[in-house]
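Notes follow the structure.
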There are 2 protein chains.
Amino acid sequence: MVPTPSGHDPVERLQHMVDTLKAHGLRMTPQRLAIVQALVSTQAHPSVEDIYTEVSRQFPTTSLATVYKTVSLLKELHEVLELGFPNMSNRYDGLKPYPHPHVICLRCKTIMDPELVSIAELAEEMAQKTGFAIVSHRLDFFGICPECQRREGVDNRP
Amino acid sequence: MVPTPSGHDPVERLQHMVDTLKAHGLRMTPQRLAIVQALVSTQAHPSVEDIYTEVSRQFPTTSLATVYKTVSLLKELHEVLELGFPNMSNRYDGLKPYPHPHVICLRCKTIMDPELVSIAELAEEMAQKTGFAIVSHRLDFFGICPECQRREGVDNRP
DNA sequence: GTCCGTGCAAATGGTTTGCACGACC
DNA sequence: GGTCGTGCAAACCATTTGCACGGAC
């Protein structure tokens with residue numbers, strides 16, 4: 001995978017998230033700022049645990065619950081995209097908070113953004129065929145990433 | 001949504017599932033047969049609870065754990081497709097046990113199969129761009145189904 | 001008769017919630 | 001100073017697991 005070239009600019013995204021929070025009359029606490037920073041500082045689609053670990057470095061007394069609450073808040077404000085999984089913890093994207101395709105390694109759980117192929121047209125086609133009012137979508141490709149292939153060979157077993 | 005015309009034939013699928021179980025040296029118990037029947041007798045993508053409720057009609061002493069175990073078994077044999085969700089129970093497709101697109105109503109959780117648009121090419125493109133060995137995929141469109149629109153109007157709120 | 005499958009109950013684990021203290025505005 | 005956010009602990013809930021009995025083959 002080529003290193004995803006853009007996504008949005010971390011600095012820009014940070015500013016936007018802070019602004020959005022303020023615009024909704026929400027308070028900017030040090031913990032929240034640290035959580036937002038953690039979210040925009042990586043393309044790895046971190047879990048809440050990951051964010052918690054990162055934030056704990058600055059604020060060791062932070063609780064997991066706080067991270068859950070803030071991330072959930074940002075999700076409702078459409079400032080992060082949530083990728084939900086039944087078998088592992090959910091993962092979050094603060095750089096591209098809108099639906100887009102992902103490739104997910106079944107072994108190491110790496111999640112990356114491949115270059116966009118137009119999904120919008122597909123969504124439109126779906127809407128017309130089904131009568132649904134499409135609100136969102138999610139397209140995930142599951143497989144074995146190049147590193148894991150090198151490490152153990154491709155055998156379809158996660 | 002037009003009533004999904006095909007998928008596989010329930011009778012054919014039932015036979016295939018039974019054969020597969022036997023071929024793997026697994027026992028055919030009345031409960032298992034009932035679970036398999038429940039899986040092929042609907043296009044509604046039932047949850048384990050749904051299957052349990054259905055099976056309980058014939059065998060009132062059946063336990064949820066048994067349904068979980070059998071469904072999980074069928075999943076490993078690639079005889080059912082699992083749709084995993086973090087916010088609600090997983091849903092299962094015994095008629096089309098291979099990856100395919102879905103439309104999912106955010107209000108009533110109805111899940112349907114829209115007519116296939118070629119995803120295979122997309123998967124191929126992903127593989128080339130990312131170096132991943134693609135094993136599976138999942139494409140979900142989330143929205144409000146026609147019935148729910150009629151019932152309450154479209155307001156983007158699940 | 002052997003071993004697998006069942007059913008019950010308890011455990012699991014990510015996520016959510018209730019509540020009281022402390023901090024932001 | 002009033003209210004919101006935090007941190008702790010307990011609750012939640014779909015799913016999984018352990019184990020002993022009973023049934024499939």
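Here is how names work: the chains are called A, B, and so on, in the same order as the sequence lines, proteins then strands, and each is numbered from 1.
Taking 4.5 Å as the limit, some side-chain heavy atom of H100(A) sits within range of a side-chain heavy atom of L81(A). Side-chain contact check for I134(A) versus F142(B): every heavy-atom pair is 4.5 Å or farther apart. Within the 4.5 Å cutoff, the side chain of E147(B) has no heavy atoms near those of the R107(B) side chain.
Between K22(B) and E82(B), the residue anchored closer to the 5' end of DNA chain D is E82(B), taking for each the nucleotide with the nearest heavy atom. Taking for each of Y92(B) and P30(A) the nucleotide of DNA chain D with the nearest heavy atom, the 5'-most of the two is the partner of P30(A).
Look at CG on L74(B): it is 12 Å from P on dG5(C), rounded to the nearest Å. Spacing between atom CE of M88(A) and atom C1' of dG14(C) amounts to 12 Å, rounded to whole angstrom units. Computed from coordinates, the E76(A) CD to dT16(C) P distance equals 10 Å when rounded to whole Å. The NE2-P distance, from H24(B) to dA24(D), rounds to 22 Å in whole Å. With rounding to whole Å, L26(A) atom CG is found 16 Å from dT3(D) atom P. Regarding N87(B), its CG atom lies at a distance of 12 Å from the P atom of dT15(D), rounded to whole Å. Distance F85(B) CZ to dT15(D) C1': 16 Å, rounded to the nearest Å. Rounding to whole angstrom units, CG of residue L33(A) and C1' of dG5(D) are separated by 15 Å.
For the segment residues 47-62 of chain A, the set of residues with a heavy atom within less than 4.0 Å of an atom of DNA chain D comprises T61(A), T62(A), in numerical order.
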Between the protein and nucleotides 18-22 of chain D, which nitrogen or oxygen pairs come in under 3.5 angstrom?
from    : atom 1 : to     : atom 2 : distance (Å)
dG18(D) : O6     : K69(B) : NZ     : 3.2

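Within the structure, every side-chain polar atom (N or O) of S63(B) is placed at least 4.0 Å from both OP1 and OP2 of dT6(C). Checking the phosphate oxygens (OP1, OP2) of dA14(D), no side-chain nitrogen or oxygen of N90(B) falls inside 4.0 Å. Proximity of Y68(A) to the phosphate of dT15(C): a side-chain N or O atom is located under 4.0 Å from OP1 or OP2. The phosphate of dA23(C) (OP1 or OP2) has no side-chain N or O of Q31(A) nearer than 4.0 angstrom.
Listed for the E82(A) side chain is no donor-acceptor partner under 3.5 Å among the backbone atoms of R91(A). Of the possible polar contacts, none joining the T66(B) side chain to the T62(B) backbone as a donor-acceptor pair under 3.5 Å is found. When atom types are taken as modelled, the side chain of S41(B) and the backbone of A38(B) share a donor-acceptor pair closer than 3.5 angstrom.
The salt bridge (Lys or Arg N to Asp or Glu O under 4.0 Å) pairs that include a residue from residues 136-146 of chain B are R138(B)-D140(B), where partners are two or more places apart or lie in different chains.
End-to-end axis angle for the helix from dG1(C)-dC25(D) to dC25(C)-dG1(D), using five pairs per end and rounding to 10°, comes out at 30°.
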Is there a side chain to side chain donor-acceptor pair (under 3.5 Å) between D50(A) and S47(A)? Walk through the geometry before answering. CA-CA 5 Å; D50(A) 295 334; S47(A) 65; 3.1 Å; yes
Steps toward side-chain contact (heavy atoms from CB on, under 4.5 Å) verdict (C105(B), F132(A)): CA-CA 8 Å; C105(B) 181; F132(A) 267 58; 3.9 Å; yes
Donor-acceptor list for residues 22-35 of chain A side chains, cut-off 3.5 Å, not counting sequence neighbours:
from   : atom 1 : to     : atom 2 : distance (Å)
T29(A) : OG1    : R32(A) : N      : 3.1
R32(A) : NH1    : R27(A) : O      : 3.0

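Nucleic acid contact class of M28(B) (heavy atoms, under 4.0 Å, all strands): sugar-phosphate only. Residue-level contact check: T29(A) touches the backbone only, with heavy atoms under 4.0 Å from sugar-phosphate atoms and none from bases. Contact annotation for S89(A): backbone-only contact, meaning every heavy-atom pair under 4.0 Å involves sugar-phosphate atoms and none involves a base.
Using cut-offs of 30° and 60° for the angle between ring planes, the H102(A) and H45(A) rings count as perpendicular.
For H16(B), there are no ring pair (Phe, Tyr, Trp, His ring centres under 6.0 Å) partners at least two apart in sequence or on another chain.
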